[in-house]
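Lettering of chains follows the sequences in order, A, B, ..., and the numbering in each one begins at 1.
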Protein chains: 2
Amino acid sequence: MNLPPLCEAFVLHFGEMGSRWGINRTVGQIYAVLFIAEHPLCADDIVERLGVSRSNVSMGLKELQSWNLVRHRQVQGDRREFFSTPDDIYAIVRTLVEERKKREIDPTLSMLRELLMQAPGTPEERHAQARLRDMHELIELLTNWYADVQKLETERLIQLLSLGSKVVKALELKDRLFAVPGGKTRATGQNN
Amino acid sequence: MNLPPLCEAFVLHFGEMGSRWGINRTVGQIYAVLFIAEHPLCADDIVERLGVSRSNVSMGLKELQSWNLVRHRQVQGDRREFFSTPDDIYAIVRTLVEERKKREIDPTLSMLRELLMQAPGTPEERHAQARLRDMHELIELLTNWYADVQKLETERLIQLLSLGSKVVKALELKDRLFAVPGGKTRATGQNN
DNA sequence: CTGTAAATTCAGAAAATTCTGAAATTTGAG
DNA sequence: CTCAAATTTCAGAATTTTCTGAATTTACAG
């Protein structure tokens, strides 16, 4: 690996983590190299830095592009393609979540819905469906939360996340202020 | 695989998803079988249902136990061990997040902090550090949010998630109500 | 203690994934 | 069109991961 020590340490760790998340180590390393690069890199730059074969880099980049995680650009008067990652790390995370949702969460929700439609033939299946219903409900809660929160501009999103659970107190306060005598107001999805 | 069709479909899908998340397919299937089971199962029950070797099940259960994802129990007058998953799916997700954080996020944060302490030797390293700083900041934001929100009781957590981005509006309202003439109040971590 | 059922370990087999080099294809300048 | 640089493809090699059966260990009833 032909990188300054600091970069190498990051690239190695990132590759390792990638492989724990179902991403091939080399693909993770390619991403890491692009992420910390000062300028867009061409495939041969990556070959040089990681010391893997050209074809491996080609396949890795193809994979990363299919995830929308890297962009390629033509440089005027140069036939090569140059690759880079977005500067905005929030944009990167949004893409990552979006793609994983599309590939993993959505098919899982379909599967769960389909199995929940079936008439259970045995008590065993009936019980399994009850568990699947719990799982479906939880995944829906989380994906709906994400779908909603994902619409916020980054600055707002940061504000919201920074608050953490403090919003609960803020909402309690708000509820108290707007409490209608004779009618309970609760912090639910029905609220404004 | 010796399971009713509905259960088999779920177990297969779950194993498949597991393998996309860095979990061995069979371990995912073992978990799925336990998750939908009506009663705790012993290792041989799992062997029978999945049609894999006894030793494979033994290793898979060990793995799941190291993740705190299954519990085992002795049945009076029976030498075998019986395994199950918690009934509360929220508890399951909390464990899952906790364990992944411990194994993946925490080491990544350490790595980032360590590399950010180093004096950059080249402009290339200096730029890499800037990127690492962004990544560190984002991961801290997310983990702090989780650390905070994770303390809430499940019911409160559900309320919070159900609200989604609506809290932002609620907070704007609150801010407006408490706006001190002559001083701007913003919805940041400094609040409340 | 003895015998037996259950659980674990682990070396090697089997399977799956990743990687490479050679060949084929694409691209664009001249 | 021609040529050469860049890129992609893909069959098989290399590597890694997963799985199994046999041997070992553990646990406990009698």
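Proximity of A:Ser58 to the phosphate of D:dT8: a side-chain N or O atom is located under 4.0 Å from OP1 or OP2. Side-chain N/O atoms of B:Lys62 include none lying less than 4.0 angstrom from OP1 or OP2 on C:dA7. Residue B:Asn56 places no side-chain N or O under 4.0 Å from the OP1 or OP2 atom of D:dG21.
Here C:dA15 presents its P atom at 15 Å from CG of B:Asn24, a figure rounded to the nearest Å. One atom, CG of A:Asp78, and another, P of C:dA29, lie 11 Å apart when rounded to the nearest Å. Protein atom CD1 of B:Ile46 is 14 Å distant from nucleotide atom C1' of C:dA6, rounded to whole Å. A:Glu63 places its CD atom 16 Å from the P atom of D:dC10, with the value rounded to the nearest Å. What separates CZ of B:Arg54 from P of C:dA7 is a distance of 5 Å, to the nearest Å. We find that CD1 of B:Ile30 is positioned 9 Å from P of D:dC19, with the value rounded to whole Å. The distance between atom CD1 of B:Ile23 and atom P of D:dT17, rounded to the nearest whole Å, is 15 Å. When rounded to the nearest whole Å, the span between CG of B:Leu41 and C1' of C:dA7 equals 17 Å.
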Practice item. Step by step, work out the salt bridge (Lys or Arg N to Asp or Glu O under 4.0 Å) result for A:Lys102 and A:Glu98. Key: CA-CA 6 Å; A:Lys102 197 191 309 174; A:Glu98 202 50 50; over 6 Å; no
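Grouping the Ile, Leu, Val, Met, Phe, Trp and Tyr side chains by contacts below 4.5 angstrom, directly or via other members, places B:Leu115 with A:Val33.
B:Thr85 and A:Arg131 share a donor-acceptor pair across their side chains, judged by distance under 3.5 Å alone.
Between the side chain of B:Arg25 and the base of C:dA15 there is no donor-acceptor pair of N/O atoms closer than 3.5 Å. Side-chain atoms of A:Ser55 come within donor-acceptor range of the base of C:dG21, with a qualifying N/O pair under 3.5 Å.
Heavy atoms of A:Arg79 sit under 4.0 angstrom from at least one base atom.
Each of B:Met59 and A:Val52 was matched to the nucleotide of DNA chain C holding its nearest heavy atom; the match closer to the 5' end belongs to B:Met59.
Note on ring orientation: taking the six-membered ring where Trp is involved, the planes of B:Phe14 and B:Phe10 are tilted (angle from 30° to 60°).
At a threshold of 4.5 Å between non-hydrogen side-chain atoms, the residues B:Lys101 and B:Asp106 count as touching.
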